[in-house]
Amino acid sequence: MSSRYNHKLVEKKWQKVWAKENVFQTKKNLNKKKYYVLEMFPYPSGKIHMGHVRNYTLGDVVARYKRMKGYNVLHPMGWDAFGLPAENAALTEKKHPESWTYQNIKTMKSQLLQMGLSLDWEREIATCHPDYYKHEQKFFIDMFKAGLAYKKEAEVNWDPIDKTVLANEQVIDGKGWRSGATIEKKKLSQWFLKISKYSDELLKDLDILKGWPNKVKVMQSNWIGKSIGAEIDFKLSNNNKSITVFTTRPDTIFGATFLALSIEHELVQALSKKNESLNTFIQECKNLNPEKTKKGFDTNLFVDHPFIDNKKLPVFVANFVLKEYGLGAIFGCPAHDQRDLDFANEYNLDVIPVVKPLNINEKKFKVNKVAFTDDGVIINSQFLNDLNVDKAKDKIIIEIEKREIGRKKINYKLRDWGISRQRFWGCPIPIIYREDGEVLAVEDAELPVKLPDVKNFSESSSTLNNISGWKETICPETGMKAQRETDTFDTFFESSWYYFRYCNARLDKPFDPKDIDYWLPVDQYIGGIEHAILHLLYSRFFTKALRDLGYFKLDEPFKGLFTQGMVTHLTYKNKNNEWVEPKDIQKTNGTLKDKKGLLVQTGKVEKMSKSKKNVVDPNDIIETYGADTARWFMLSDSPPERDLQWTDTGIASSYKFINKLYDFVNKLDGYEDSRKDDIDIVESIKKIINQVSENIETFQFNKSVAKIYEFVNILNESISMQKLSRKNFEWSLEKLSIILQPFVPHVSEEIWWSLKKEETLCINQDWPKEVVKKEIKFKIAVQINGKTKEIIEVDQNISKKEVLETIKMNSKIKKNLIDKEVVREIYVEGKIINLVVK
RNA sequence: GGGAGUAUGGCGGAACUGGUAGACGCGCCGGAUUCAAAAUCCGGUCACUUUGGUGGUGUGGGUUCGAUUCCCUCUACUCCUACCA
């Protein structure tokens, strides 16, 4: 009996069996070690793309492997279901964003099911469901009451034609995406979360995250942007008020020759009210790029230098001073800051060097066009002279504090998280504004604040503010009239805590702290590098905030993090400079043409994207070749953290391989038992099995794949030459099906079933750990002056002396030693013997 | 400007703590099978070569008995970030 492998039937069959037996349903089990593996959940945009296929395949390898290693594995899936595309689609289709979203979820779920992922679908969540978002409304209220959520003015993008607020991605080159109108900045009062309160903890705890890529930690650390410096008060010369600046270079205070304020600075705002030319300058600044032109406005005010008697510094308003960082005010020390120097040169301000390079004479040292920003020796600075930069910083800060003209100060770049969005398809912010001006949290019993059911979604429905009747409400306590907050949460809000919800996806509370204790932290989180900062930082913040609100005891949500590479593909363009889809390419006699018969040229290999038309639809691939083939291709060749180039030949060869695997079943049927001395073959297979495990542990799946190829090659060769006993052929095939299980689970089950014909599943087998016999013989390289000349086989316990004797008998070596004197002999057991000759 | 990273055959990539460079896959070449093709199977595939060897891991140097691996120099590319005082 010989049968061809039918992936369509086989894959469906096992998917059904796994589902029927509830294989992947997870229960808390305190007797077992837990393992939580999670891939970043998808936005339900329509259908899955290759990036998803790669992401979920990687996660599935880990999940199945850990399960077979005996862990109690949690591997859930859900939908990041709020977001702008649903609104856009609803506009064109004139229906509620909800129905569009749920339709997509349905489609994408069926695709994920086809991939044969070991997911616990009982825990599936959709963040747009009130049973999900009601809990985050409660979190927000807790944060509000604890002072972690507050309101302040912030700018939004305002489209003056559509009279709506636009998201950043709806603004293209400064114009509204639909109206084409020039977008204005408008100030609105908006909600913020106090992530800045956790700046230091978020920075420090990066050290705990041993399982994170260094790259991501560096990015987060830069984003938090801690810097140590000082605040210094400069007294205005004509009155008793002062201007406070922040600096990280207090050591250069003696080189200060001016002060500069941002246009948003309080003092500037006050001055501008009665100074028309300053006002004009402020308007001009809005159209200036400070990187190209540094512009200033002389206020004619002066401040006293805090350390030099009778020295006065002019105060400027300058376009290059940031309002959000520090205090929006700086002192300029042109000699040691390039920006200050450019500015000083523009306005003929003094340049006084106060740090000189070590090996240059003070008299010869001049700063002209390039500021000196390195470490050196302090000069021209009274009591700081002769110190280096670090020492001078310490000393000047002590002095500043002693004189009470400033203080040591740590500053962060990290800003508070603005969470208000003027959009419909998001979680409503549970706040009411009472007519007497009170801002109140919605009472727990009133939660969730649900989105309205809009029948015909239109432009005007795109904010809750415009939906009649929705915002009017009554304060339950006083009976006074009130209005609901009409903004919704940033969608990062939902993704900041979904990994907790999976512990108890159907509970009426957000989760059971006991289950959080058991399951969290996530042992292995897998996703794209694009979330290195925002999503991961917000999630870390959320964990710490919920901890402080008493929900659980946990400092960090993700113990291990893996960032996968992108899936790329060659791009094609025709003579009209239009992108061409790969499936529309026809190849004749080495030339490429598109459907219209136009000549096509290949371009760069780029990330698959609709705009460049270089996408391959996973649907087509799974239909044609099956899920196992797609999975195998995703895991072959490229290391998971690097980009993976999609090729037709690659997928075809994966397909061949899957069929070849099943062919062993046919070959076993009717295999004649012959040789029995196959111990070497069995040993080498055992070695390979262990190597496959090692490579999975270290996330080097491409190497596991290579080892499996070796396994298959050895097996094929041995059976075609009848070197393997029937018993060991069966043994090999059993082992093969088991180690294939994490990678290509369907064909693995099929082989297993063919061998066993009983009611066991391959996924339920234990992962093998083979005991490999110590080898009796070593192969060692014989080198002369470090160059390998010969490879010899020796007994394991041979001595150096014996090795030397052996190789001196070797004719090849002998020849190389003619007229040479051996001056040194280096022997590394089991590896090399090196003769150093003259 | 600042930060992180990468560089190995025609291509994707292997090479444990310094010890046989190019595993494995793709592609290519040759052969078998076939009326023919596809599929499949077998063999070959770093370069040069006087077939003894010699050279070779982006460049140039260093350490070492020995360097893809460690150190320094330069070059190219990728990613992040950017007037953060």
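Lettering follows sequence order; numbering is per chain, from 1.
- Comparing B:G56 with B:G3, their C1' atoms are spaced 34 Å from each other, to the whole Å.
- Side-chain nitrogen and oxygen atoms of A:Asn702 include none within less than 4.0 Å of the OP1 or OP2 phosphate oxygen of B:A23.
- The separation of B:C77 from B:G31, taken at their P atoms, amounts to 44 Å, rounded to a whole angstrom.
- Aromatic ring orientation, A:Tyr538 versus A:Phe492: perpendicular (interplanar angle above 60°, classes split at 30° and 60°).
- Taking only side-chain atoms of A:Met219, from C-beta outward, the nucleotide of B:C84, B:A23, B:C80 with the closest atom is B:C80.
- Side-chain N/O atoms of A:Gln338 and base N/O atoms of B:G1 include no donor-acceptor pair closer than 3.5 Å.
- The A:Asp637 side chain lies nearest to B:G25 when the options are B:A14, B:G55, B:G25.
- With B:C24, B:C84, B:A4 as the candidates, the nucleotide lying closest to the side chain of A:Asn713 is B:C24.
- The listed nucleotides are B:G19, B:C41, B:A82; the one nearest the side chain of A:Trp223 is B:A82.
- Of the P atoms belonging to B:G58 and B:U6, the separation is 13 Å, rounded to the nearest Å.
- Using a 4.0 Å heavy-atom criterion, one finds that A:Glu710 contacts the sugar-phosphate atoms exclusively.
- For the OP1/OP2 pair of B:G13 and a distance below 4.0 Å, the side-chain nitrogens and oxygens of A:Arg642 include at least one atom meeting the criterion.
- Annotation: B:A32 and B:U20 have their P atoms spaced 39 Å apart (nearest Å).
- B:G19 sits 15 Å from B:G66 when the P atoms are compared, rounded to a whole Å.
- A perpendicular orientation is assigned to the rings of A:Trp632 and A:Phe743, their planes being inclined by more than 60° (bins at 30° and 60°).
- Dashed line: the shortest gap from a side-chain N or O of A:Arg339 to OP1 or OP2 of B:C84 is under 4.0 Å.
- In this structure, B:G52 is classed as syn because its glycosidic torsion stays within 90° of zero.
- Remark: A:Tyr709 is not in phosphate contact with B:A23, judged by side-chain N or O atoms under 4.0 Å from OP1 or OP2.
- Within residues 647-657 of chain A, the residues that have a heavy atom under 4.0 Å from RNA chain B are, in order of number, A:Thr649, A:Ser653, A:Lys656.
- Ring geometry for A:His535 against A:His531 counts as perpendicular: the plane angle is over 60°, on a 0 to 90° scale with 30° as the lower cut.
- If you check every strand for non-hydrogen atoms under 4.0 Å, A:Lys789 touches sugar and phosphate atoms only.
- Comparing B:G27 with B:A76, their C1' atoms sit 26 Å apart, to the nearest whole Å.
- The aromatic rings of A:Phe331 and A:Phe234 lie tilted to each other, with the angle between the two planes from 30° to 60°.
- With ring centers used as reference points, A:Phe316 lies 6.0 Å or more from A:Phe297.
- At the heavy-atom level, A:Asn222 lies under 4.0 Å from the strands shown only through sugar-phosphate atoms.
- Classification of the A:Phe657-A:Tyr709 ring pair by plane angle, with boundaries at 30° and 60°, yields tilted.
- The aromatic rings of A:Phe343 and A:Tyr347 sit tilted, their planes meeting at an angle between 30° and 60°.
- Nucleotides B:A15 and B:U68, compared at atom P, are 15 Å apart to the nearest Å.
- Using a cut-off of 4.0 Å between Lys/Arg side-chain N and Asp/Glu carboxylate O, A:Arg249 and A:Asp340 are scored as not salt-bridged.
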